Asks: 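Below is the structure I would like to discuss, written out as structure tokens.
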Amino acid sequence: MAMLEITGIDIFRGETQVLWDISLTVEKGERVAILGSNGAGKSTLLAAIIGMLKPTAGSILFHGLPITGSRPFENTRRGLALVPEGRRVYKEMSVIENLKMGAYPKRGRSRMAETMEEVVSLFPILGERREQLAGTLSGGEQQMLAIGRALMSRPELLLVDELSLGLAPVITKEIFRVLMQLGQEVTILMVEQNVEQALKYSQRAYVLESGRVVREGDSRVLGEDQGIRRAYLGM
Amino acid sequence: MFLLALTNGLVIGIIYALAALGVSLVVGIMNVVNFAHGEFYILAGYFSYHFANTLGMNYLAAMMLSVGLVLIFGMIIEVLLIRKTYGDDLYSLILTFILSIVLQNTYLLVFGPYPNKPPNWVKGATNVFGQFYYGNQRLAACGAGLVVIAIVYLMLKKTWFGRMLRATSQDREVAELNGVNTTALNMLSFGLGCALAAAAGVILSPIFPVTPTGGMAVALTAFVVVVLGGMGSFWGCVVGGLIIGLVENFGAAFISSGYRHVFGFIILIFVLLVRPAGLFGNREI
Ligand SMILES: Nc1ncnc2c1ncn2[C@@H]1O[C@H](COP(=O)(O)OP(=O)(O)OP(=O)(O)O)[C@@H](O)[C@H]1O
Ligand SMILES: [Mg+2]
């Protein structure tokens, strides 16, 4: 059974339909990327999975259990976690308090100290800056904090929206490298505009265009595809 | 005269801060201005009067029970009235305004027009600075106010509930992503806001007996303190409360007691001219 199984969902934002008949699966331990240009509906898809938006049709299953229409706090308690677009750290709280807040769901709270150590060893800078207000961190540090905060709930499925947004390539690379270290423990579904990185660090990928899945498959195969290269890599 | 005004200002200021904390909490978490805040203060005063004087309960037990009942009443109001208005600030303003009028008239019908005064906790007066005698009840009220403010501070800084509140007031959507049931949190924080009004009510009503319409002045002062201190800021409430308390009492002592509340407004206008977001505010308005 797939960890995440989405079948034929439609999503509206206000009056306008943004996603049409999206189907997608993620197996345990996989890293899957969602690609697409601005406005394709990538963030909308993640928002729908975590429960910020309700599908008007179709279903979302997590470990075979329907979670369509559940709210974000329920899904987080179940083992999903979203690193939102634009990081959204609690700017007026310290690094350590941001991390603690991530551990709020029971699954995270019972192992908070242990997870905190793991997160700090993944991102040592967070340990050095533990008392600093999150709003005063650099963009890269804030992204590390946002990922660390999501990991604090000990998620099984981590949804990451535009990790690379506004970050220098070396920082992006560093953060991707850390995500790879999580290995089989955490399954990752990531949204990326940086197609080259996304294909490099994922095993499978879906391509969204105007709210529809237009391609899907093995990341390496997609990376060699002439159409994809022309459309997204400018080659 | 000077020392008396100073003492009065600090004592009253602490209670203003307490009343303002409740408003500030509800604004910070829910973006709702509770116009009926003062009526919850008054309700607690009536409760504590009747529990102690009519039913003969111990004054402390009467106060605790009153605050608890107002907390529950506040949560019920959130579920029945406020919950439907989220996202429409004007609507919640109108609803709580109507609620405040309905409550005032209900108090008039049920409790009558005359002031009700719960029993004093302590008797006598203390010589302050060797200058004048000051009512022990007022000193005790100030101490009680400080204790409640300290409890609120510790709750905000040290508990999971406080962390949830701070996170939610900064970014409600992300707090929900972190597993916070923000619907339940709204209910609790509205109830807590009312309970803080109630705490101020039970502490102050032995000094200023409650009347059906007495809540309006309380709410108005609380709003002035919140705007002066900066929306949603804990220290803003404390400092703002003290400033308004001091300004009113110095103004009343040295200029004219008839204009007591005007002095607070004048200070507010000056501060807003210089710092539009209030003393401790950093939110854009
Ligand atoms: N809050 C909103 N209200 C109405 N429409 C929205 C809202 N947010 C996004 N949209 C619309 O939904 C469509 C998909 O947006 P979405 O944010 O999912 O795209 P995206 O693929 O994540 O884009 P980007 O790469 O720029 O982040 C866009 O046409 C956008 O204009
Ligand atoms: Mg997006």
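Just so we're on the same page: letters track the sequence lines, and every chain starts at 1. No experiment lies behind these values; they were computed from the predicted model shown. Computed from heavy atoms alone, side chains included, the values below leave out hydrogens, waters and symmetry copies.
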Asks: Is it true that, when you exclude Phe270(B) itself, more than 12 heavy atoms of the residues, nucleotides or ligands shown sit nearer than 6.0 Å to its CZ?
Replies: no
Asks: Do Thr76(A) side-chain atoms and Asn178(B) backbone N/O form a donor-acceptor pair below 3.5 Å?
Replies: no
Asks: To the nearest 0.5 Å, tell me how far Asp171(B) CG sits from Met93(A) CE.
Replies: 11.0 Å
Asks: Does Glu185(A), at its CD atom, have more than 12 non-hydrogen atoms belonging to other residues, nucleotides or ligands within less than 6.0 Å?
Replies: no
Asks: Could you check whether Glu92(A) pairs with Arg166(B) (Lys NZ or Arg NE/NH1/NH2 to Asp/Glu carboxylate O, under 4.0 Å)?
Replies: no
Asks: Do side-chain atoms of Gln170(B) reach the backbone of Lys91(A) as a donor and acceptor pair under 3.5 angstrom?
Replies: yes
Asks: Heavy-atom distance under 4.5 Å to chain B: side chain of Pro105(A), backbone, both or neither?
Replies: both
Asks: For the residue pair Gly179(B) and Arg77(A), what are the closest heavy atoms and their distance?
Replies: O-NH2, 2.9 Å
Asks: Output yes when a side-chain donor or acceptor of Tyr90(A) lies under 3.5 Å from a complementary backbone atom of Ala175(B), and no otherwise.
Replies: yes
Asks: Would you give the length of the straight line joining atom CD of Glu176(B) to atom CG of Leu82(A), rounded to the nearest 0.5 angstrom?
Replies: 12.0 Å
Asks: Can you find a pair of side-chain heavy atoms, one from Asn181(B) and one from Phe73(A), that are under 4.5 Å apart?
Replies: yes
Asks: Which one of Arg71(A), Met52(A), Lys106(A) has the most heavy-atom pairs closer than 4.5 Å to chain B?
Replies: Arg71(A)
Asks: Kindly check if the number of other-residue, nucleotide or ligand heavy atoms within 6.0 Å of CZ (Phe97(B)) is above 12?
Replies: no
Asks: Should we count CE of Met64(B) as having more than 12 external heavy atoms under 6.0 Å?
Replies: no
Asks: With a 4.5 angstrom heavy-atom cut-off, which part of Arg88(A) approaches chain B: side chain, backbone, both or neither?
Replies: both
Asks: Sequence neighbours excluded, which residues qualify as salt bridge (charged side-chain N to carboxylate O under 4.0 Å, His left out) partners of Glu162(A)?
Replies: none
